[in-house]
Amino acid sequence: MSKRYFALVDCNSFFVSCERVFQPKLQGKPVVVLSNNDGCVIARSKEAKRLGIPMGAPYFKWEAFMKAEGVSVCSSNYRLYGEMSARVMEVLRGFSPRMEIYSIDEAFLDFDGIAEEQLETLAVRLRETVFKNTGIPVSVGIGVTKTLAKVANYQAKKLDTGNGVLVIPAGNRAMLEGVGVDEVWGVGRQLTPRLNRIGIKTALDLAMADPEMIKKKFTITGLMMWQELNGVVAYGIEQFPASPKSLVCSRSFRKAVVSLPELSAAMSSFIEKGMERLRKKGMAARYLTVFIATNRFDKGKFISRNIVVKLPIESSDTLKFVNIGISALEEIFEEGCVYKRAGVMFTGLVPMNEVVPDLFAKQDSEERLRLMQVIDSLNANRTVLYLAQSGKPEVAGSDREFTSPNYLTKWDEIPVVN
DNA sequence: TCTGGGGTCCTAGGACCC
DNA sequence: TCTGGGGTCCTAGGACCC
């Protein structure tokens, strides 16, 4: 019986690659993509990484440097990235009947039944197909567990294998040697120093450690990482996405907010946006959390408040949530604070059609749900209809200087070929 | 002036029950 | 003076992921 392999396909500098598909002049040049409000760097091209621009670099601190080095700057355009992601995933689906979309730019593929010596050829073909059909370059890592596939992917990029593909054969430990333990899937900022202190510096060190000790010190999650590095599957492919448990809509304000009316408008718009996403997933929520916070980077006291409201029955009605959300906000709002961030979280989620009727609680009415449907369809590609209470969309704090057009989702922004 | 946004899982400890 | 033991559920906080 041949070993079962998993592949991790990861889009290279995904957001940057998306921008490059539509702006070929950005090829081969240093490029970064900025977060909301053009706050900080969330994607970097290889060339930008080489210039030493770190992930999360605040734009205002790096602006001068980037100008001097000729770095191209893009504001983030999530609609575009979401659409490009869907296209990439569609191509990947053709390469394995079992696949897990892990994030906007990553997917695990089950390569069960593929002989070891054919893996690389298959991966190279996959890579070429994705590039041909979408213009997005990807790297492919292959191993007998997801964690090893992740390591392989990391090495494919780091070692610059030439074809963007790296296979870690079953039982091979050599590939773990040059990998810092902090690169292992599940080892983050806190675990790294703790592991280092007991002499575990590389992925190989972790793989060779005593599993009893690992379990004792790093609990079950630590043990699972150990197993996966040793080729024992602890995480399977999740083909069908589990239904979400929570949904957040939040923003930092470019200009801090002081007044209750302004904050209410922002909150109302968060609830609108969040509800729209929730309905798109066909879900309703039982709990609403409203939160507000001051600037965590400011000297002085950092204030963060939240309040949870429970509805008598699950709902997906924007208006109902806006009303209770605004009242909730009034309870936690404190005069004199300078708010920098706010948002809402929906929890207690259930599919809309599984809401259990209650004798004493009124369910969303048919008419109201139809109204929501109409609003959603009107807003499908661009927000055209919103509550007066929410104010103009930009109140919610979106300020983007370098946004690329919505090439794929807006008719009037489709690129023209002359 | 200016520092993202959206998720999941695990554990410890408290409340509560019998 | 002495003051069980076990189970479940919930929450807050920590840690991780992209």
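Proteins get letters first, then strands, A, B, ... in listed order; numbering begins at 1 in each.
When distances run from any side-chain atom of A/Tyr102 to the nucleotides C/dC17, B/dT3, B/dG4, the shortest one goes to C/dC17. Nearest to the side chain of A/Val248, among B/dG6, B/dT11, C/dC18, sits B/dG6. Picking from C/dC17, B/dG4, B/dT3 the nucleotide with the shortest atom distance to the side chain of A/Ile42 gives B/dG4. Nearest to the side chain of A/Glu106, among B/dG4, B/dT3, C/dC18, sits C/dC18. In the set B/dG6, C/dC16, B/dT3, the nucleotide with an atom closest to the side chain of A/Phe60 is B/dT3. Closest to the side chain of A/Leu191, out of C/dC16, B/dT8, B/dG6, is C/dC16. Minimum atom distance to the side chain of A/Lys61 is reached by B/dT3, of the listed B/dG6, B/dT3, B/dC10. Minimum atom distance to the side chain of A/Lys150 is reached by C/dC18, of the listed C/dC18, B/dT3, B/dC10. Residue A/Lys245 places its side chain closer to B/dC9 than to any other of B/dC9, C/dC18, B/dG6. Considering only the side chain of A/Arg251, B/dG6 comes nearest among B/dG6, B/dG4, B/dG7.
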Q.
As a quick check of understanding, evaluate salt bridge (Lys or Arg N to Asp or Glu O under 4.0 Å) for A/Lys157 and A/Asp10, giving each step before the final call.
A. CA-CA 10 Å; A/Lys157 290 196 176 84; A/Asp10 176 302; 3.1 Å; yes

**Q.** Verdict with supporting geometry, A/Lys150 and A/Glu106, salt bridge (Lys or Arg N to Asp or Glu O under 4.0 Å)
**A.** CA-CA 10 Å; A/Lys150 276 262 191 191; A/Glu106 280 176 61; 2.8 Å; yes

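As judged by a 4.0 angstrom heavy-atom cut-off over every strand, A/Arg277 is placed among residues touching the sugar-phosphate backbone only. When heavy atoms are screened at a 4.0 angstrom cut-off, A/Val184 is found touching the sugar-phosphate backbone but no base atom. Using a 4.0 Å heavy-atom distance criterion, A/Leu247 is classed as a sugar-phosphate-only contact. A/Phe297 comes within 4.0 angstrom of a nucleotide base, judged by non-hydrogen atoms across all strands.
Within the 4.0 Å cut-off from OP1 or OP2 of B/dG5, at least one side-chain nitrogen or oxygen of A/Ser252 is found. At B/dT3, none of the side-chain N or O atoms of A/Ser35 fall inside 4.0 Å of OP1 or OP2 (strictly under the cut-off). Contact annotation: A/Ser250 side-chain N/O to B/dG5 OP1/OP2 distance is not under 4.0 Å. For the pair A/Arg189 and C/dG14, the criterion of a side-chain N or O lying under 4.0 Å from OP1 or OP2 is not met.
When both pairing distances are held under 3.5 Å, B/dA15 makes a Watson-Crick or G-U pair with C/dT8.
For the pair A/Met224 CE and B/dT8 P, the computed distance is 17 Å after rounding to whole Å. Atom CZ in A/Arg254 sits about 12 Å away from atom P in B/dG4, given to the nearest Å. In this structure, A/Lys146 places its NZ atom 14 Å from P of C/dC17, rounding to the nearest Å. In this structure, A/Trp185 atom CH2 and B/dT8 atom C1' are separated by 11 Å, rounded to whole Å. To the nearest angstrom, P of B/dC2 lies 18 Å from CE of A/Met66. The nearest whole Å value for the distance from the CE atom in A/Met225 to the C1' atom in C/dA15 is 11 Å. Atoms CZ (A/Phe218) and P (B/dT11) sit 14 Å apart, rounded to a whole Å. Distance CZ (A/Arg44) to C1' (B/dG4): 15 Å, rounded to an integer number of Å.
Of all non-hydrogen atoms in A/Val140 and A/Ala123, the two that sit nearest each other are CG1-CB, 3.9 Å.
The existence of a salt bridge linking A/Asp112 and A/Arg98 is excluded, since no basic side-chain nitrogen approaches an acidic carboxylate oxygen closer than 4.0 Å. Here A/Lys158 does not pair with A/Glu183 in a salt bridge; the nearest charged N to carboxylate O distance is not below 4.0 Å.
Position along DNA chain B of the nearest nucleotide to A/Lys255 versus A/Pro244 favours A/Lys255 as the more 5'-ward residue. Both A/Ile220 and A/Met55 lie near DNA chain B, and the one whose nearest nucleotide falls closer to the 5' end is A/Met55.
Under the ring pair (Phe, Tyr, Trp, His ring centres under 6.0 Å) rule, A/Phe108 has a single partner from A/Phe95, A/Trp185, A/Tyr235, which is A/Trp185. Here the rule is salt bridge (Lys or Arg N to Asp or Glu O under 4.0 Å) with A/Asp317, and of A/Lys362, A/Arg279, A/Arg368 only A/Arg368 fits it.
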